[in-house]
Colleague: 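One structure, as structure tokens, below. Some questions next.
A quick note: this is a predicted structure, and the numbers were derived from the prediction, not measured.
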Amino acid sequence: MRVIAKRTLRVFWEKHRDCEQQLKTWYKEAAESKWSRPADIKKEYPSASFLEENRVVFNIKGNAYRLIVRINYKYQMVWIRFVGTHAEYDKINANKI
């Protein structure tokens, strides 16, 4: 998968150092994956949640942080839409971000 944009993750982990390794690991695993459907993600990330328009929510660092991505399975592209604390996640509309 082509993940756009790692910079978003980097900016976040520079402010929240306790999740740096988990975000780097997620990025590496996603970039090396060939997800073609939600079931492929569920195999690797059983706690992932699936939303409208191919959005997926990943729990980072024991659910302290949330990562929302939008996926185009056909073109093997992942767009990072949001990364934040659980409290920040609770304040957004995850289906629209």
Side-chain angles (χ1 to χ4, degrees):
M1 303 294 287
R2 181 170 176 216
V3 182
I4 303 170
K6 186 176 184 179
R7 181 180 183 277
T8 303
L9 297 179
R10 188 182 326 76
V11 167
F12 188 78
W13 78 52
E14 287 173 354
K15 292 179 184 175
H16 302 273
R17 293 283 182 189
D18 62 325
C19 67
E20 179 177 357
Q21 191 55 52
Q22 289 87 352
L23 288 172
K24 284 180 176 179
T25 299
W26 177 88
Y27 179 86
K28 183 179 185 296
E29 290 172 354
E32 293 173 354
S33 293
K34 300 259 189 245
W35 299 324
S36 61
R37 57 198 166 112
D40 298 336
I41 297 170
K42 207 58 161 162
K43 287 178 193 174
E44 292 180 53
Y45 297 95
S47 65
S49 301
F50 298 90
L51 307 175
E52 299 172 0
E53 297 182 24
N54 292 322
R55 286 180 174 81
V56 183
V57 180
F58 294 93
N59 298 321
I60 304 295
K61 195 175 181 259
N63 207 19
Y65 301 99
R66 294 279 179 99
L67 171 65
I68 302 174
V69 301
R70 187 168 181 189
I71 299 176
N72 182 312
Y73 296 100
K74 180 179 178 181
Y75 293 104
Q76 294 288 289
M77 308 255 321
V78 176
W79 289 273
I80 296 169
R81 305 298 298 149
F82 170 87
V83 60
T85 66
H86 198 121
E88 291 167 336
Y89 172 83
D90 288 341
K91 294 177 184 176
I92 65 163
N93 181 342
N95 285 306
K96 300 295 179 193
I97 199 156

Colleague: Please enumerate all residues that pass side chain to side chain contact (heavy atoms under 4.5 Å, CB included) together with K74, with sequence neighbours excluded.
Modeller: N72
Colleague: Measure the shortest side-chain to side-chain distance between I71 and M1 over non-hydrogen atoms and say whether it is less than 4.5 angstrom.
Modeller: yes
Colleague: Could you grab the distance from atom OH of Y27 to atom CD of E32, nearest 0.5 Å is fine?
Modeller: 10.5 Å
Colleague: Tell me, please, which residues at least two apart from Y45 pass side-chain hydrogen bond (donor to acceptor under 3.5 Å, both in side chains).
Modeller: E29
Colleague: Out of curiosity, N54 CG to W79 CH2, how far, rounded to the nearest 0.5 Å?
Modeller: 10.0 Å
Colleague: Return all side-chain donor-acceptor pairs below 3.5 angstrom for residues 89-97, not counting sequence neighbours, or 'none' if the list is empty.
Modeller:
unit_1 : atom_1 : unit_2 : atom_2 : d
N93    : OD1    : N95    : N      : 3.0
N95    : OD1    : E52    : N      : 3.2

Colleague: What residues, two or more places apart in sequence or in another chain, satisfy salt bridge (Lys or Arg N to Asp or Glu O under 4.0 Å) together with K24?
Modeller: E20
Colleague: Applying side-chain contact (heavy atoms from CB on, under 4.5 Å), run through R66 and V83 and close with a yes or a no.
Modeller: CA-CA 6 Å; R66 294 279 179 99; V83 60; over 6 Å; no
Colleague: Go through the structure and list residues passing side-chain hydrogen bond (donor to acceptor under 3.5 Å, both in side chains) with Y65, not counting sequence neighbours.
Modeller: D18
Colleague: Could you please spell out the steps behind the side-chain contact (heavy atoms from CB on, under 4.5 Å) verdict for V69 and W26?
Modeller: CA-CA 12 Å; V69 301; W26 177 88; 3.8 Å; yes
Colleague: Would you mind listing every salt bridge (charged side-chain N to carboxylate O under 4.0 Å, His left out) that reaches into residues 38-49, with sequence neighbours excluded?
Modeller: R37-D40
Colleague: Write down the atom of I60, the atom of C19, and the distance for their closest heavy-atom approach.
Modeller: CG2-CB, 4.3 Å
Colleague: Check S36 against Y73 and note the closest heavy-atom contact, atom names and distance.
Modeller: C-CD2, 3.5 Å
Colleague: Output the distance between atom CH2 (W13) and atom OG1 (T8), rounded to the nearest 0.5 Å.
Modeller: 10.5 Å
Colleague: Less than 4.5 Å apart, side chain to side chain, heavy atoms only: is that true for V78 and V56?
Modeller: no
Colleague: Please name all residues satisfying side-chain hydrogen bond (donor to acceptor under 3.5 Å, both in side chains) with E14, sequence neighbours left out, ordered by chain then number.
Modeller: none
Colleague: Run the salt bridge (Lys or Arg N to Asp or Glu O under 4.0 Å) test against E88 and tell me which residues pass, sequence neighbours left out.
Modeller: none
Colleague: Decide whether I80 and F50 are clustered together by the hydrophobic rule: side chain heavy atoms of Ile, Leu, Val, Met, Phe, Trp, Tyr closer than 4.5 Å, transitively.
Modeller: yes
Colleague: Going by salt bridge (Lys or Arg N to Asp or Glu O under 4.0 Å), name the residues that satisfy it together with R7, two or more places apart in sequence or in a different chain.
Modeller: none
Colleague: Going by the rule salt bridge (Lys or Arg N to Asp or Glu O under 4.0 Å), which residues pair with R70 if we only count those two or more places apart in sequence or in a different chain?
Modeller: E53
Colleague: Are V57 and F82 connected, step by step, through hydrophobic side chains (Ile, Leu, Val, Met, Phe, Trp, Tyr) whose heavy atoms are closer than 4.5 Å?
Modeller: yes
Colleague: List in chain and number order the residues that pass side-chain hydrogen bond (donor to acceptor under 3.5 Å, both in side chains) with K6, two or more places apart in sequence or in another chain; answer none if no residue qualifies.
Modeller: none
Colleague: Mind checking the OG-CD spacing from S33 to Q76? Nearest 0.5 Å is all I need.
Modeller: 9.0 Å
